There are 2 protein chains.
Amino acid sequence: MDARLKRGQKTKRKITETAIALFHERGFNNVTVDEIVTKTNTSKGAFYNHFASKHEVFAEQFKQIDQFYVDHLVPQLDAKKPVMDRLAQFLDLQMTYIQNEIGWDVTRTIYEQELSTERSSYFLNPDRPLYGILLDLCQEGIDNGEFKPGYTAHDIVTVLIHAMRGVLYNWSLNRGKISLKDEQRVLFGVVLEGLFRSEL
Amino acid sequence: MDARLKRGQKTKRKITETAIALFHERGFNNVTVDEIVTKTNTSKGAFYNHFASKHEVFAEQFKQIDQFYVDHLVPQLDAKKPVMDRLAQFLDLQMTYIQNEIGWDVTRTIYEQELSTERSSYFLNPDRPLYGILLDLCQEGIDNGEFKPGYTAHDIVTVLIHAMRGVLYNWSLNRGKISLKDEQRVLFGVVLEGLFRSEL
DNA sequence: ATAATAAAGAGACCGTAGTCTGTAACTAAT
DNA sequence: ATTAGTTACAGACTACGGTCTCTTTATTAT
């Protein structure tokens, strides 16, 4: 059980790379599966053996996004600073990354797919690393009394996630014509103000 | 220019009613255009003469939603109460209406369509009545100093819209399995807290 | 009345995502 | 070594949203 599997992985990688490149070049909706399989000298059979749908090619990118948060964003946060600052900084870094590295078309496609598919979505997966990151931060904030009382860590994460979704949805909808960073700053300015004790 | 137009309107109405009923019954994705035109004894030609897409049958519902806000929700707001309270009440009424009368599948479909179509979307239309309602309320709140300083009415509306989108997107994504009212209350509790002066 | 134009609709047709069946190459079991 | 089973894949086929062309029926102009 090796030679076959190896060949499969190679095909999958070839398809993934070509597809992502094409999507990036001309947009998700302007690239057909037929085109992808032709260009990679494969077939529909090969494509749908490795992916459940055209959308799912993005699952790769998705894991990549969260991995980037864990590997490159979280380490940048200064553990000596208050949770409030770290949270603000994380959100800022996150949105900068999405705006510059992921782009609105990929984001739009992901948001669309999550709504359209019946299958288990990535957004709903409770083991998504992003949730862990936020939960840890929020728990720490609660423990040292930075937040207003009455919220559980889970409440706060829910609030943050909703806010993120709203900003990212809107940004995708506007096809990148508005500044993600600016929108993020305004909304999370308000949200964080509403969450934290304001004593200084 | 009367008899033809009348016939056209009749056909359109017939298609709209049948389609909406079917969508409500079995979900948007499980109803085909062919089925709709068969059931209404019309044709693809008739359908696409009246609608630009299958999704667009919802445009009707959409206008209905905002009309409902204007006709039935806004009048319920007590002009003597502070803007803060009116805003909270409006959001509460709005989400109750959506949850009970519109439902998650229609909401999901609308949110999906807005992302997928190239055409001018309803969300991006600046003349949407909802924006007017919120803008008026926010301007009044600013004028009588209820809000924290530094925000324009437009800023605040943007924040509220983003928050709405986040909650509604998530609710659709969860296929109605979470309570829209509860989610709304938590998020807007925080947002309103962040927006208003807290002196009482 | 007649010709010219336009709206509403019928239904064949097209493009594309996704399915299904078949096959060749490899692996495992006896 | 032979058989049985499995994986990766090829490519015909299906389902469905959307387009295109053509016909019918009403409207307007002369």
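On a predicted model such as this, the values are computed, not experimentally measured, just so you know.
Among the nucleotides C:dG18, C:dG9, D:dC9, the one closest to the side chain of B:Asn49 is C:dG9. Here the side chain of B:Ser43 is nearest to one of D:dT7, D:dT27, C:dA10, namely C:dA10. Residue B:His50 has its side chain nearest to C:dG9 when only D:dG17, C:dA17, C:dG9 are considered. You'll find that the side chain of A:Leu5 is closest to D:dA8, out of C:dT27, D:dC9, D:dA8.
The NZ atom of B:Lys44 sits 7 Å away from the P atom of D:dG17 (whole-angstrom rounding). Atom CG of B:Asn41 and atom C1' of C:dA8 are 16 Å apart (whole Å). Taking atom CD on A:Glu112 and atom P on C:dA17, their separation rounds to 12 Å, with Å as the unit. A:Phe51 places its CZ atom 18 Å from the C1' atom of C:dT19, with the value rounded to the nearest Å. Atoms CZ (B:Arg7) and C1' (C:dA10) sit 11 Å apart, rounded to a whole Å. One interatomic measurement links the two molecules: NZ of B:Lys6 to C1' of D:dT27, which rounds to 16 Å at whole-angstrom precision.
Using a 4.0 Å cut-off between charged nitrogen and carboxylate oxygen, B:Arg86 and B:Asp78 do not count as a salt-bridge pair. Between B:Asp105 and B:Arg175 there is no salt bridge, since none of the side-chain N atoms of the basic residue sits less than 4.0 Å from a carboxylate O of the acidic one. Taking 4.0 Å as the cut-off between side-chain N and carboxylate O, A:Arg128 and A:Asp66 count as a salt-bridged pair.
When B:Thr40, B:Leu22, B:Asn30 are each tested for a side-chain contact (heavy atoms from CB on, under 4.5 Å) with B:Glu35, only one passes: B:Leu22.
Put simply, B:Tyr48 has a side-chain N or O that comes within less than 4.0 Å of OP1 or OP2 on D:dG18.
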*Can you list the steps and then say if A:Tyr69 with A:Gln94 is a side chain to side chain donor-acceptor pair (under 3.5 Å)?*
CA-CA 7 Å; A:Tyr69 294 163; A:Gln94 179 195 21; 3.2 Å; yes

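When heavy atoms are screened at a 4.0 angstrom cut-off, B:Lys54 is found touching the sugar-phosphate backbone but no base atom.
A donor-acceptor contact under 3.5 Å links the side chain of A:Arg4 to the base of D:dT6.
Of all the residues in residues 12-39 of chain B, not one reaches under 4.0 Å from DNA chain C with any non-hydrogen atom.
Side-chain polar atoms of A:Gln89 and A:Asp85 form no donor-acceptor pair below 3.5 angstrom.
In this structure, A:Lys54 satisfies the cation-pi test against A:Phe28, with its NZ or CZ atom closer than 6.0 Å to the six-membered ring centre and inside 45 degrees of the ring normal.
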